[in-house]
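Inspection log for the structure reproduced underneath, given as structure tokens.
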Amino acid sequence: MSEKISSHIIGLGYYAPENIIDNSYFSQFMDTSDQWIQERTGIQERRFVNKGQGPSDIAIPAVKIALKNANLSVNDIDFIIFSTSTPDYYIPGSGCLIQEKMNFPNIGALDIRCACTGFIYALSIADQYIKTKTYKNVLVISSEVQSTSMDLSNNGRDTAVIFADGAAAAILTANFDGEGILSTHLHTQGKYAKELWVESPSSAMSPKLDKNIIKSGKHFLKMNGREVFKHAVKRFPEVILEALNHNKLNIKDIDLLIPHQANIRISKMVQKKLELNDNQVFSNIHKYGNTTSASIPIALCEAINQKQLSKGDILVLAGFGSGFSWGSAILKW
Ligand code: UT7
């Protein structure tokens, strides 16, 4: 009889840049207020990188902690998956940069750009490599520097106060005791690509970037917040139920749900729809804002630090964001 392999997280780490930005910071550039930001989003503060830091830089401390927690060294890692929608450069990927910066052996490094669902997509890829015995230890990194894509004028007030910087890393390895990832479910709907996007620099434009593009603000992240919100509150419950059904589990089996930290009102609506209690849904958006693909693993690190997960618990992760893309992962902790 062949042994059943699953992929389990054996080490986690996160890094929140030291530069704490509270809500009052934005009032010097745009018409906004601490009250509006807290009431509409739940965010009290967020972190921004120092000038010149890219996602591969802020990932380093997160990876170091994850390696330490897994009791592994860079030489034990077989493959890197780097999830970011804000890469250091267009070419090459941030995975190549971290391979060099942290002296990993010449292993493969794959960048993925699945926005706020990036960590779920990355877990699903790692899971396939581990289950097929291609790789033993896979490093997943989610790292984002959104602060440099923000329009700090009134035109950007619906995004600038929300998106922020942060990094997290997870190390996955083969497990033979039925622990770890039970399933991943992934979706996209490109029809809504332009509801949350950065239009330029774009390879579809010639020139890719010029003064007019910059003047028109096409290089800033743009979001149709109401439309994104509407889809998010539908897709989160849908993809969580899809995952539960697949595993023959019920809502009451969820020990902890960590949704992508997009907006506290979205999380509360999802909680209400699924009739989950406060202890079943994790939130830390008040401290970090929306850190795109880093938000789920940062929250997972904090949930563990706060002892909100015990061995054998059913953990549900769910993301929704640009693409639109959305997805869920269920893990037996
Ligand atoms: O991570 C990927 C997934 N992202 C999300 O899921 C985000 C989804 N969307 C949202 O979280 C919310 O739509 C926002 C927080 C972006 C906006 O909240 P809202 O309650 O949907 O506000 P709204 O867009 O309906 O705007 C209400 C008002 C508008 O003014 P008028 O037209 O009513 O006069 C906005 O111009 O609030 C205004 N507004 C602001 N006011 C003060 C927008 N941003 C701000 C601001 N400060 N920062």
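The structure displayed is predicted, hence computed values, not measured ones. Counting starts at 1 for both ligands and their atoms, following the listed order.
When atom types are taken as modelled, the side chain of Q261 and the backbone of I285 share a donor-acceptor pair closer than 3.5 angstrom.
V63 belongs to a hydrophobic cluster whose remaining members, ordered by chain and number, are I10, I60, L67, L72, V74, I77, I80, F82, I98, M102, F104, I107, L139, I141, I171; membership requires side-chain heavy atoms of ILVMFWY residues under 4.5 Å apart, directly or through intermediates. Grouping Ile, Leu, Val, Met, Phe, Trp and Tyr by side-chain contacts under 4.5 Å, direct or through others, puts L209 with M205, I213, I214.
Atom CD of Q189 has more than 12 neighbouring heavy atoms from other residues, nucleotides or ligands inside a 6.0 Å radius.
Within 4.0 Å of ligand 1, protein heavy atoms come from D31, T32, W36, R40, T41, C116, R157, D158, V161, I162, F163, L196, M223, G225, R226, V228, F229, H260, A262, N263, R265, I266, N290, F320, G321.
Each salt bridge (Lys or Arg N to Asp or Glu O under 4.0 Å) pair with one or both residues in residues 56-81, not counting sequence neighbours, appears once here: D57-K101.
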Trace of the side chain to side chain contact (heavy atoms under 4.5 Å, CB included) decision for T86 with T292 = CA-CA 9 Å; T86 53; T292 324; 5.8 Å; no
